[in-house]
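In this chain, numbering begins with 1 at the start of the sequence shown. Since the structure is predicted, the reported quantities are computational estimates derived from the model, not experimental observations.
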Amino acid sequence: MKRLKKILAIMVIATVMISSSGCDLIRAIIGLYNAPSYAQRQYVEPNKDETDKLFNEIKELCAETNKGSKIIAKRNSFMMKYTQASTSRIVAMLEYYNNVTDGEAKARAERIENYFNQLHNQALEMEKTILQSSYAKLLTDSLGQDYADGILNQTVKSDEVIALESRISELENEYSTLTATPNASNYAEQMAKIFKELIVTRNKIAKQNTRTDGTTYSNYHEYAYDKVYSRKYTPEDAAVFRQAIKDNLYDVGKKLYDTSDNYITGEARTAAINENGIKQFMPQIINGTAESMLTNWNYMMSKGLYNFTISPNKYPNSFVIEFAQYGDGFMFINASGSLISDLSTIVHEFGHYNAIFATDENKEGNSSIYSIDLAETHSQAFELITLPTVKKVFESNNIGNVYTAYADNLLLQSVWSMLSNSLFDEFEYTVYTADENALTADYFENTFNEIWQKYWSLNKDGKPTYNYYDISHLFTSPSYCISYSVSMVFASEIWMSSTPVTDYLNVVSYGSGHYISDVAAAAGLSDPLKAETIANIAQNYKTQLKNILGLSFGDGTFDA
């Protein structure tokens, strides 16, 4: 699994400049209309003393009268430092991820990560202080009541939680560094040690938090479902969803897996692509699918907001991350040089990148949530709806014979995504609810293997294709994986509609501040969490397999 939409923070702090009257927005995001190139976005070492001083002064002013103008000015100064720190954090992370063996880059990334976590917590406390004072109208007039309610519903982190999160950051970087040396002695044992400490530490964080009814979360898995990913469904709901995935898509996955060698021929396996090839094919694919999206690709190219290099030392994942200071983002691709895998990954990630700019004020969502389910729909559906254009582009570039392999790989990965990410979610549910004394290397391996057999016992040797520690999301984005499965159901339904491009652009226009089921209903599509929706898209996959790959289904079995 190679794709990831990184989240800057659970609660989005509005980095706006407020006028002295407290009524107007000067900039939605500082520098949005004059964003520099990536090369000009430098790491700036933050000054904690300065932000602490501003924070303390704002708190003192909120207790006094007739201090509105001073509060606004100091808040603006604080937020400028906040956005700069946010940018520095991303720059440090990207440089470390470009070479995870660079110890100096690793130390700097950890330092700014820990600082920004504390700064974000401080910004949240500052906003709450203003909103709970007589100056609340300064924020509500400029940023809206939804923003104010979202802030007030958040809990300022304790020093203990911040310390635990600092340790998690260190462990995540230990994991990233270790992935560059897979042949190291005791590799599996080292991975298990890191994974166990991550589980134990995250469960401690969960138990520091309470649900809306005042009860304490029992483990991080259920906490993350609710607080980190703002899902409307619970791990128990996900268990029902996972069962429907197994029941309806296992045989589709089996047919694709068993016949894949028929399409991935020697020529397709060796088909290569480099950075120049990416820059040649992608504009053609975007323009031929949804011309309006090409502007955002050209923007990314012109600003140098991408990394397509090939290196064994890169972070083992691909993602898009947003620059809040500039209202844009950066695309990081862990490229392999394979045309089939790299191109589909970049198409996927461009779905994320385009969605940064895709907003519709008439469909403004809930500022207190960020739906990963919708964010992943933006990327997965774009992969699928580009298939007809990819075929034309390949043919026009004299590589039409590679298209069937590309389509087979994408369809296999799409079905695999629904099955495997349900598998990973069940694995996470199991290990986060287990007794911590049971968390050994053997336990992780045996549990992963047992759950693997439920969802994907298709390999000819009967063994898993991956080890659990090959799935970076389990270490760095816990409880994320189920979103890939839920979103792929929705993405598949969009692709299979009578107007896929129109439906896709409509769904993207909602942004990510909505629950996925609400957007499905508003778009006239089915709820992806329902078993009947999953059964329907499974049948439609069989139709698509026949149309694209020449596979058919009859009498309970596939016939090639």
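- Under 3.5 Å, the side chains of Tyr225 and Asp425 contain a donor-acceptor pair of N or O atoms.
- Side-chain contact annotation: Arg231 with Ser483, donor-acceptor N/O pair under 3.5 Å present.
- Inter-residue side-chain proximity for Tyr306 and Trp297 is flagged as unmet; no heavy-atom pair is nearer than 4.5 Å.
- A donor atom on one side chain and an acceptor atom on the other are not found under 3.5 Å apart for Thr345 and Glu349.
- The aromatic rings of His348 and His352 sit perpendicular, their planes meeting at an angle over 60°, well past the 30° parallel limit.
- Relative to the ring axis of Tyr443, Lys196 does not place its NZ or CZ within 45° and under 6.0 Å from the centre.
- Taking the six-membered ring where the residue is Trp, the centroids of Phe319 and Phe330 are separated by 6.0 Å or more.
- In this structure the side chain of Ser509 reaches within 4.5 angstrom of the side chain of Asn506, judged on heavy atoms.
- The pair Glu436-Arg202 does not meet the salt-bridge criterion, since no charged nitrogen lies less than 4.0 angstrom from a carboxylate oxygen.
- The distance from the OG atom of Ser492 to the CG atom of Asn540 is 9.5 Å, given to the nearest 0.5 Å.
- A 4.5 Å side-chain heavy-atom check between Ser336 and Ile310 finds every atom pair outside the cut-off.
- For the atom pair CD1 of Ile482 and CG of Asn421, the computed distance is 7.5 Å after rounding to the nearest 0.5 Å.
- Taking the six-membered ring where tryptophan is involved, the planes of Phe424 and Phe448 are essentially parallel, since the angle between them stays under 30° and well short of 60°.
- At a threshold of 4.0 Å, the pair Lys255-Asp251 does not count as salt-bridged, since none of the basic side-chain nitrogens sits closer than that to a carboxylate oxygen.
- Annotation: Tyr429, atom OH; neighbour count of heavy atoms from other residues, nucleotides and ligands within 6.0 Å does not exceed 12.
- For Tyr220 and Tyr223, the ring centers are positioned less than 6.0 Å apart.
- Contact annotation: the side chain of Leu410 never approaches that of Val347 to less than 4.5 Å [non-hydrogen atoms, C-beta and beyond].
- Atom CD of Glu428 and atom CD1 of Ile199 lie 8.5 Å apart (nearest 0.5 Å).
- Aromatic ring centres of Tyr315 and Tyr96: separated by at least 6.0 Å.
- The backbone N or O of Ala491 lies less than 3.5 Å from no partner atom in the side chain of Thr377, so there is not a single donor-acceptor pair.
- A salt bridge links Glu275 and Lys279; the closest N-O separation between the charged side-chain nitrogens and carboxylate oxygens is under 4.0 Å.
- If you look at Tyr455 and Tyr250, their ring centroids are not closer than 6.0 Å.
- Using cut-offs of 30° and 60° for the angle between ring planes, the Tyr353 and Phe350 rings count as parallel.
- Ring orientation note: the planes of Phe394 and Phe281 are tilted relative to one another, at an angle of 30° to 60°.
- Cation-pi contact between Arg211 and Tyr217: present, with separation from the ring centre below 6.0 Å and deviation from the ring axis of at most 45°.
- Between Phe475 and Phe195, the ring planes lie tilted relative to each other; the angle falls in the 30° to 60° range.
- Of the N and O atoms on the side chains of Asp328 and Tyr299, at least one donor lies less than 3.5 Å from an acceptor on the other residue.
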